[in-house]
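Since the structure comes first, as structure tokens, the remarks are kept for the end.
We name chains A, B, ... by the order of the sequence lines, and we start the count at 1 in each one. Below, all heavy atoms of this structure are taken into account, side chains as well, without hydrogens, waters or symmetry copies.
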Amino acid sequence: MLKRTQTCGQIRLEHAGHAVTLCGWVNAYRDHGTGLIFVDLRDRDGLTQLVFDKEDASPELLEQADKLRNEDVVAAHGIVRKRDGGPNPKLPTGEVEVVVTKLEVLSKTANPPFLPSDEKNLPNEEVRLRHRYVDLRRPRMQEILKTRHRVTKLTRDYFDEQGFLEIETPNLCRSTPEGARDFLVPSRHQPGQWYALPQSPQLFKQLLMVAGCDRYMQICRCFRDEDPRADRQAEFTQIDCEMSFVEREDVMRTMEGFVRTVWQGVLGVDVPAMDRITYRESMDRYGVDRPDRRFGLELVSITDLAAETDFNVFSQALAKRKGVVKAIRVPGGAEKLTRKLTDGYTEFVKQFGAGGVPVAKYTGPGGAGAETGGFETGIARFIAPIADKLVERLGLEPGDTVLFGADSYAVCTKALGELRLKLAKDLGLIDENKWDFLWVIDFPMFEYDEAERRYFALHHPFTAPNPDQLDAFMAADKNDPDAVEAVVSAGYDVICNGSEIGGGSIRIHRQDVQSKVFDLLGLSEAEAKEKFSFLLDALRFGAPPHGGIAFGLDRLVMHLVKTDNIRDVIAFPKTHTGMDLMSNAPGAVDKAQLRDLYVRSTYTPEAKS
RNA sequence: GGGGCGGUAGCUCAAUUGGUUAGAGUACCGGACUGUCGAUCCGGUGGUUGCGGGUUCGAGUCCCGUCCGCCUCGCCA
């Protein structure tokens, strides 16, 4: 076999006169008949033009070249020279070509389902996934794989410099309550017993801190058997970190440095010091716990003003528990927001439980709606009594539109938060070249679930209360939801352009505090002991204060390569229903395999509900 | 589990209100051509219109079911 001397992206004018051997795939061929054939050869690195010319090539070689087709795999040996026919400015190697003297066809291809060279005519994703090895040949996909590698390399280097040890943790774990649905693995040696694949290495990394490892990191696979989304996959990768003898600030400083290192190393972008905002502020102003601040359209509470109106929609909302009325000012909305758009918004917010979106246009004091305080259309007459105050609070200018939300705090916040994002997209307000990073802190420890009539940990049950909350937390009566829900944790999320790229907390390192959390979550002492005795024991036997974070590697890469499809950044991803279309996983297994595991399927086509 | 969109040559798409033999580009096969780089020109192969049922004289088109893909709500401590 001809041995490669360079890659297809490396050849430059300085190599002119050199003999080289390139290996790769036929990206394109241009056959001018007996005597002149061009072939673009592609590998991971780039493209180089090969030329077969009867003045330099034997008839046998020309015949070989004549048969080459797209995606054949070849090794070509020849002399580099400046192109005869003028350079191709589209290629880094566009000034040179290789005059081939020897060609070896390493692998003749069957007609491929699609051509990696034809980026403009991409087949649908199903075809791409079924023939992933072809799809991954595309330069764009190679670029993404390289970026992902670059990120993991930067990650290991950064944390190594910061004194972290990379330590592996088990993939066959014990199922623990709370959280996502587990993927389960039956045990052969322990009939009737099951492992769970880790949702995250949470407990193990805490135990490593108790074990004196001081600083740990791992790039690890996590599994959550829930329905995916565009940015979520059941099997995904975390950059998992934990540090001992630290407070919240220490972790945040270290992790901010990590983000800065990655953005600098991959994109050359300087990430400035990150703002911090509280969970409460984020929910109030942006309607989500992961605000996108690349544009305005903030939510403004007008609950107090709404009480002064006779508007039914407002008063019904205010009658609810924690009822609120909020508004979004859309600058210049009178022109940009068509009736069709605003009608669509009413439908849009219904999926979040809201009733609709009242709309008012502000025309100014001299405008068409003079008798209703400068507002016109729809609800103008209802808000006339508070017109002046509304103008002042929202900072309205003539030509603005105001969109209202009125409901319980939870519903109104969610609906307007989602509407804010939709507005920004519809109006093209998002600057895709902007980077906005921030920390969201001071999350509540618990949320009360009305349906299940119990508390849930907002982050996870090992999150510590913020130090200034510790006494209040330990004293909180579990029958007093207001007291419990008021406790703020030592958790933190890193947000990039409105998406959570990482989240963590200072952990509980005192057994009495951990027991109190389990108690609030409704875990009896016996249950807690059964499920978590190893953790509670560890906390008894000398646990250092510690805390950490986990970044979503897939999401980091998604941002860095500007894609909104998580499957693009995973070499072999799964579909919406958890199938690998290439290997056809999951699949049936032998009865004998099941028997060994003491497992019998109850599945019948009818049983699938 | 709910809602939405989609499935027609290998691939990307088209096909008046239901109406003749389902077309085009590209890939592939054959031929022509010495400076291309989306090469060009000529010819050709290629179809269970996802699958099953129904309505109809007649279904790619309408109806029901089902499978697959994507988006989304729920879910994701």
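Judged by the 6.0 Å and 45° rule, A/Arg280 forms a cation-pi pair with A/Tyr409. A cation-pi contact, defined as under 6.0 Å to the ring centre and within 45° of the axis, links A/Arg454 to A/Phe456.
Taking side-chain N and O atoms only, A/Tyr29 has no distance below 4.0 Å to OP1 or OP2 of B/U40. Phosphate contact (OP1/OP2 of B/G38, side-chain N/O of A/Lys90, threshold under 4.0 Å): present. Contact annotation: A/Thr577 reaches the phosphate of B/G69 (side-chain N/O to OP1 or OP2, under 4.0 Å). Note on A/Arg232: every side-chain N or O is 4.0 Å or more away from OP1 and OP2 of B/C73. Within the 4.0 Å cut-off from OP1 or OP2 of B/C73, at least one side-chain nitrogen or oxygen of A/Arg229 is found.
Among the nucleotides B/A27, B/C71, B/G69, the one closest to any side-chain atom of A/Ala230 is B/C71. Of the candidate nucleotides B/A39, B/C76, B/U34, B/U34 has the atom nearest to the side chain of A/Glu55. Taking every side-chain heavy atom of A/Ala28 into account, B/A39 is the closest of B/G69, B/G35, B/A39. Here the side chain of A/Leu36 is nearest to one of B/C37, B/G35, B/C70, namely B/G35. Here B/C37 is the nucleotide among B/C37, B/A39, B/C70 with the atom lying nearest to any side-chain atom of A/Arg83.
Ring geometry for A/Phe348 versus A/Phe352: interplanar angle over 60°, hence perpendicular rather than tilted (30 to 60°). Between A/Phe223 and A/Phe183, the two ring planes are perpendicular [angle over 60°; tilted spans 30° to 60°]. Ring-plane geometry between A/Phe462 and A/Phe518 is classed as perpendicular, the angle between the planes exceeding 60 degrees on a 0 to 90 degree scale with a lower cut at 30.
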Exercise. Which is it for A/Ile495 and A/Asp493 under the side chain to side chain contact (heavy atoms under 4.5 Å, CB included) test, yes or no, and what are the steps along the way?
Worked result: CA-CA 6 Å; A/Ile495 312 301; A/Asp493 282 355; 4.0 Å; yes

For this session: Begin from the C-alpha positions of A/Asp227 and A/Arg181 and carry the test salt bridge (charged side-chain N to carboxylate O under 4.0 Å, His left out) through to its verdict.
Result: CA-CA 10 Å; A/Asp227 289 354; A/Arg181 193 178 290 113; 5.7 Å; no

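In this structure, A/Ser200 reaches the bases: a heavy-atom distance under 4.0 Å links it to at least one base atom across the strands shown. Counting any heavy atom pair closer than 4.0 Å across all strands shown, A/Phe462 reaches no nucleic acid atom. Heavy atoms of A/Leu458 sit under 4.0 angstrom from primed sugar atoms or phosphate atoms, though from no base atom. A/Gly94 comes within 4.0 angstrom of no nucleic acid atom, judged by non-hydrogen atoms across all strands.
A distance of about 26 Å separates the C1' atoms of B/C13 and B/G58, rounded to the whole Å. Taking atom C1' in both B/U45 and B/A27, the straight-line distance is 12 Å, to the nearest Å.
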Taking N or O atoms only and anything under 3.5 Å, show me the protein contacts with nucleotides 9-13 of chain B, one pair per line.
residue : atom : partner  : partner atom : Å
B/G10   : O2'  : A/Pro113 : O            : 3.2
B/C11   : O4'  : A/Pro113 : O            : 3.0
B/U12   : OP1  : A/Asn124 : N            : 2.7
B/U12   : O2'  : A/Asn121 : OD1          : 3.3

Identify the pairs formed between an N or O of the protein and an N or O of nucleotides 44-46 of chain B at a distance under 3.5 Å, and give each distance.
none

Polar-atom pairs under 3.5 Å, protein N or O versus N or O of nucleotides 31-33 of chain B: list them with distances, or write none.
residue : atom : partner : partner atom : Å
B/C33   : N3   : A/Asp31 : O            : 3.3
B/C33   : N3   : A/His32 : O            : 3.4
B/C33   : N3   : A/Gly33 : N            : 3.1
B/C33   : N4   : A/Gly33 : N            : 2.9

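For NZ of A/Lys516, the number of neighbouring non-hydrogen atoms (other residues, nucleotides, ligands) closer than 6.0 Å is greater than 12.
For A/Glu447, there are no salt bridge (charged side-chain N to carboxylate O under 4.0 Å, His left out) partners, not counting sequence neighbours. Taking the side-chain contact (heavy atoms from CB on, under 4.5 Å) definition, one finds that A/Ser601 meets it with A/Tyr603, sequence neighbours left out. With sequence neighbours left out, A/Asp580 forms a side-chain contact (heavy atoms from CB on, under 4.5 Å) with A/Met582, A/Ser583, A/Ala585.
Checked by distance alone, A/Gln351 brings no side-chain donor or acceptor within 3.5 Å of a matching partner on the base of B/U72. For a distance-only test at 3.5 Å, the side chain of A/Glu347 fails to qualify as a donor-acceptor partner of the base of B/G4. One donor-acceptor pair, N or O on each side, does fall under 3.5 Å between the base of B/G74 and the side chain of A/Asp227. In terms of polar N and O atoms assigned as donor or acceptor, the side chain of A/Arg81 comes within less than 3.5 Å of the base of B/G35 in a complementary pairing.
Side chains of A/Thr7 and A/Asp45: a donor-acceptor N/O pair is present below 3.5 angstrom, by distance only.
Contact record, A/Met283 with A/Asp289: SD-N, 3.6 Å, taken as the closest heavy-atom pair.
The distance between atom NZ of A/Lys574 and atom C1' of B/G69, rounded to the nearest whole Å, is 16 Å. Between the CG atom of A/Asp564 and the C1' atom of B/U72 there is a distance of 14 Å, given to the nearest Å. Atoms CG (A/Asp225) and P (B/G74) sit 18 Å apart, rounded to a whole Å. At whole-Å resolution of the value, CD in A/Glu126 and P in B/G69 are 6 Å apart. If you take CG of A/Asp40 and P of B/G35, they are 17 Å apart, rounded to a whole angstrom. The CD-P distance, from A/Glu97 to B/U34, rounds to 17 Å in whole Å.
A salt bridge links A/Arg130 with A/Glu126: the closest approach of a Lys/Arg side-chain nitrogen to an acidic carboxylate oxygen falls below 4.0 angstrom.
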